[in-house]
Every structure is written in structure tokens, then in C-alpha cells.
Amino acid sequence: MSEGERLTELAKRRGFYFPSAGAYGGASGFWTYGPQGAALKSNIEDAWRDRFVVREGHQEISAPDVMPEPVFEASGHLAGFDDMIIECPGCGATHRADHLVEDNTDIEEAESLPNEEVMEIIADHDIECPSCGESLGGVSVDNFNLMFETNIGPGSSSPGYLRPETAQGIFVEFPQLSEYARNQLPFGVAQIGKAYRNEISPRKSLVRVREFTQAELEHFVDPEEDEPPLEDVEDVILPLYSGESQQADDGGVEEMTVGDAVAEGVITSDWVAYYLGVARDWYERIGVDMDRFRFRQHLPGELAHYASDCWDAETEIDGDWIEVTGFAYRGDYDLRKHADHSGEDFTVFKQYDEPVTVSRPTVDPEMSYLGPEFGGDAQAVADALEALAERDPDSFEGSEVTVEADGQSYTVPVEQTNFSVEEVTENGEHVRPHIVEPSFGVGRLIYTVLAHAYTEDEVDGEERTYLDLPPEQAPTTVGVFPLMDKDGMAEYAHDIADALRAAGHSVTYDDSGAIGRRYRRQDEVGTPYCVTVDYESLEEDTVTLRERDSTEQTRVSIDGLAETLDRLADGETTFDAL
Ligand code: GAP
């Protein structure tokens, strides 16, 4: 059984996650988190919120899942959020063409290749349909838009889409969010919420699904002035798999501090470097095995339409590398696009410390000349003259000036443009912020944390499976068991469970079956500690405390039990020291 299959079996059996709507045959790519999974998910989200929102001093919002079509026209998703699809002529099954290439050749990252090349590779390698075995040579590779379309209200006059990334819900609200930030850069806005992609072939349980949770941070910065606090992370060691290493014959992962990676130009954006440093320690905190982890730089052909540099955090499972987070420097792409399409102001007014006097070239074209001369194009020519005056005032030095408008050249006597240079005093300027974006997939993190926590050992000659989850992430922090359901032990154990819950612990009370079986059940869901009430408890007010990983047991007083568990979880004490 592969690591993934073992995990999926455990996840279903113990209530982490399972395919949705099974009673009706299910729908591929949709998963329900059971009680353990929902608790783990919310613990990971809380840890993310704590590190990337609260500690960074950012704000969090919650925007709608459905957004109107113009949002996605502006963002570029309508025109270009596509995957390569190939349809089997034999059985009609559809597949991701780039995945077929990756699965059947040595080629990695085939999504960066043009469709025609992928089609050729499929033909050259005689790749067959994984569903029926029919040859796919010569079958066309097309684009398939991944967005789920819907109608907003009755009728079809107002199309909408389920958001394919939570980020757009932040970008479109920039004018409002900027006001809340008192128009002062830098500021960050985060969101944890659902994103939807109609994936051609969902696979590997939570890894490629059609509905998933993203935790995204959009950090708006002034590209001229703002610098990240790199000194906070400069000594963090990053496992970097750079674009150069990927293209070299003998390239591999290189361990480098954040400081060195920036100094040597391996990571070109200081902001991206900062977040890689912050994130590296956070992954370790939530239980990612750092021996199965790397940051991989996007190759040029792989970059998203908005990104100038991008690194993915990847985790290894079953020998495959899975992207769990994308770190992108998006520049001003998103705010520029939304400004152009909406006509709203997506800039921040930056006040100067002191007013400055600047030369401002202006034109005031004679429309009584442009109108008869250029007819319907007169306004376009006037606009082009205005833009040229700002961009290249020297062009107005001769007797004539030539501008381009709508693909045509127009020559205008300079005297008809009323060109002049004025001295003006300015108090500030409009700045379009750049965006730095760490974008985490929560489901893939859950999958990784569970896969990396999965451990098998032998206890008293018996095989045991347990999840060595960090206590902060464990769905249940303590299991409470009465040794027997008699002589007041159950009531005593219930009281302890209630007291621990009141102190903020997530408690599972279990009185069914032998104690050994109850321990195993908690081991399998990663509960770090269990408390057993026995006859001695009734007389001495002590309980048996058992540690998951070592299976060691010790007697502790019920006085201060909640605090003892807190100190163990925080690493302030060890089990041996109790
Ligand atoms: N706003 C940027 C953005 O959405 P992305 O790389 O497309 O970037 C970010 O997605 C993260 O979302 C990925 O690193 C991955 O963890 C998660 N993700 C993307 N598509 C997914 C899918 N179909 N199923 C599960 N997680 C997915």
C-alpha cells in the first residue's frame, strides 16, 4: 500500500476526511472533513492566522465565494485560467494532457509547454488513454477554463463565477481596504476561505480537488520605499531548488540562509525571501517533516500571468513533490487591471514630508484644428498628445509632433498643441502598490501533515500506528478514560473531562473496550496525552498520564492537570520531568 492509500484508509476510518455524498455515488473532487479532520483543519488555520495575520499586524476579511463576471474579465481568469485537456476518442474520458506527459516521460512541469508541443510528445511517445488504453496520438490538446460558472439571480443576464482563488475578493475591495489602512503603505489583508476549480482530473484525495480552502495574504507595498524586516529571518536556513539548479544536469536542493539567498541573487525579491523565511519555521511548527520539504522556483514558462518571481513550497509524499504554497511577487498587475476595467482609483496617495516643486509639461490641443483635420479620431489624437507630453516632453521641441493613436500616425503642428511647461507645487503622489502574495492550500497542508505524522512501531510485541502530530495541531489534546464503568470511576472521569474542557482542552471521553484499545484509537488520531482514572484516583486524587509517542506512563495529581498538559504541549516541561 502506498503512503497515500494508507493515509486515505486511516482518514476515512478515523474521521479525518472521506469522499462527499457517497450515498448518491459522490462527485469526484469533493471531500468532507469528518470530526477529526475539521478539528485539524481549524487548528492549522488558527496557527496560520496567528503567524501570518496577527503576528505580522495584518487584517483579515471574508469576501463572497461568488463574484460577477467583470471581476474575472479584469483579472485575466476568463481568458486564460485554462488547463490542457485531451479527450479520448475511444471512451470519451477527459485527461490533463500535461499530466499524461509527466506520467509517461521524464519531462517535468509539462504545463509550461505549448499545446502543440504536448500533442507532439503524446504522439511521439504513443501515450494511451489511462481509462481504456486507446492511443491518444494525433488527438488535439485544447484549453479548458477551470472556473465554475453560475447565474446571479434568475435568468442568464448576470453571469457569475465561483472564485478560483480567494485573492480576487481582496483585490477588488482595495479602494475600501486602503481607507481602513488610513491609506498608508505597507499593509496586508488576509483571507481564509473556499476556492473552486473545475479540475479536469481530480486526484490523490485532498491534493487536487474541485473545492478547497486557501489561506492567502496579499501584502500591499510601495515598490520604491518599503522593505521587509529581513533581519528577523536572515539566519533561517531554506532548502532551495532554484530555476538554475532545475535546469542543470547535476542540480539539486541547496541549503542557504535567507540572508545569503538574497545577497547572492538566488531569490530576487526581498519580500518573497522574507515570507519564505517566516513560512519555513511555520511549516515545522505545524508538523511538516523538514527532511521532506523544499522551496522550488518557478521556471520562466511556468510563471502565472501575473507573477514576476514565484517560489513554491513543496512536500514529498510517495516520492512525489506536492505544491502546498505559492509565494508570488505579483507587481501591480492586479490593481492595474481592476483600475482599468472598473474606472475606480486603485492607488494610494502618498503625502510628501514637504511639498516639492516640479516641472509639469502640459498640452491643451486646439480642437478647432484637430476636429476638421482628423474627424472622429480627434479625441484619440488629443489624448495621445497629452500622454506624449508627460512621457517625452522633448518631442515638442520642433515645429511638428507625431503621435500614434489606434495604430495610425498623426502629425500635428506644435503650435496647435499649446504645449507648455509649468512649475507646480505637489504635496504628494498617487502610488499603485505592488503585491506580495503567500498563497497556502489548507487541504494539501492537512494531507502533508498527516502523511508526515504517520508512524508505525511495535509496542509489547504488537504493531501500532500513531500520528506524531504536534500537540497544537492535534484534533484532540487529551483522552480521558475510566478504567471501569463502576464504583464512581466514570463520574470521576467525567468531572476531569469537564474541568479540562473548561480549561480550553479538546477532550475525548472514551469508556468502551479494553484500555489498550482505547489508547490505540487515540494514537491513531494523534492525541498526545491520555488520562486514566482507576481505584487509586478515587482515594488519592491522582491519575495515570500516558504519553503517545513513548507510550510511557506516570502518575500525576489531578490538581493542576490542565496546566501540566499545557506546559507539556508548550515544551516548558518534559514527560520525564513530571
Ligand atoms: N492566488 C494565487 C493562487 O491561487 P495557486 O498556486 O493557483 O495560486 C495556491 O494556488 C495554492 O492553492 C496551491 O499552492 C495549492 O496548495 C492550493 N491549490 C490550488 N489548486 C488546488 C486544487 N485543485 N486542489 C487542492 N489545492 C489546490
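All ligand and atom numbering here is 1-based and tracks the order in the structure. The chain is numbered in sequence order, starting from 1.
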### Query
So, Trp31 versus Phe16, ring centres under 6.0 angstrom or not?
no
### Query
Which bit of Thr325 is near ligand 1, meaning a heavy atom under 4.0 Å away: side chain, backbone, both or neither?
backbone
### Message
Would you say the rings of Phe293 and Tyr283 are close, in the sense that their centroids are separated by under 6.0 Å?
### Response
yes
### Query
Has Arg330 got any heavy atom lying under 4.0 angstrom from an atom of ligand 1?
yes
### Message
Between Glu165 and Arg197, does any side-chain N to carboxylate O distance fall below 4.0 Å?
### Response
no
### Query
Less than 3.5 Å between some nitrogen or oxygen of Gly441 and one of ligand 1, yes or no?
yes
### Message
Taking the side chain as everything from C-beta on, heavy atoms only, tell me whether Thr455 gets closer than 4.5 Å to Leu467.
### Response
no
### Summary
A student checking ligand 1 against Glu437 at a 4.0 Å heavy-atom cut-off should list atoms 1 (N), 2 (C)
### Message
As an exercise, identify every atom of ligand 1 less than 4.0 angstrom from a heavy atom of Glu165.
### Response
1 (N), 2 (C), 3 (C), 4 (O)
### Query
Is Glu225 salt-bridged to Lys350, going by a charged N under 4.0 Å from an acidic O?
yes
## Note on the structure
In ligand 1, the atoms that come under 4.0 Å of a heavy atom of Gly326 are 14 (O)
### Query
Are Trp282 and Phe52 close enough that their ring centers fall under 6.0 Å?
yes
### Message
Show every ring-ring contact (aromatic ring centres under 6.0 Å, His included) that has at least one partner inside residues 203-222, sequence neighbours left out.
### Response
His58-His219, Phe174-Phe220, Phe187-Phe220, His219-Trp271, His219-Tyr275
### Message
Please check whether Val207 reaches ligand 1 - meaning an N/O of the residue sits under 3.5 Å from an N/O of the ligand, judged on distance alone.
### Response
yes
### Task
For atom CD of Glu323, decide whether the heavy atoms of other residues, nucleotides or ligands shown that lie under 6.0 angstrom number more than 12.
yes
### Atoms in ligand 1 with a heavy atom of Glu199 nearer than 4.0 Å
22 (C), 23 (N)
#### Entry: Atoms of ligand 1, numbered as shown, that sit under 4.0 Å from any heavy atom of Arg208
24 (N)
### Summary
Note: ligand 1 atoms sitting under 4.0 Å from heavy atoms of Val324 are 14 (O), 16 (O)
### Phe30, CZ: over 12 other non-hydrogen atoms inside 6.0 angstrom
yes
### Query
Should the proximity of Glu323 to ligand 1, defined as any heavy atom under 4.0 Å, be assigned to the side chain, the backbone, both, or neither?
both
### Message
Test your reading of the structure: does Pro164 have an N or O sitting under 3.5 Å from an N or O of ligand 1?
### Response
no
### Message
Under 3.5 Å between any N/O of Val209 and any N/O of ligand 1: does that happen in this structure?
### Response
yes
### Task
Go through the structure and list residues passing salt bridge (Lys or Arg N to Asp or Glu O under 4.0 Å) with Glu73, not counting sequence neighbours.
none
### Numbered atoms of ligand 1 (with element) below 4.0 Å of Glu216, judged on heavy atoms
1 (N), 2 (C), 3 (C), 4 (O)
### Query
Just heavy atoms, cut-off under 4.0 Å: does Arg210 contact ligand 1 by side chain, backbone, both, or neither?
neither
### Task
Please state whether Thr166 comes within less than 4.0 angstrom of ligand 1, counting heavy atoms only.
no
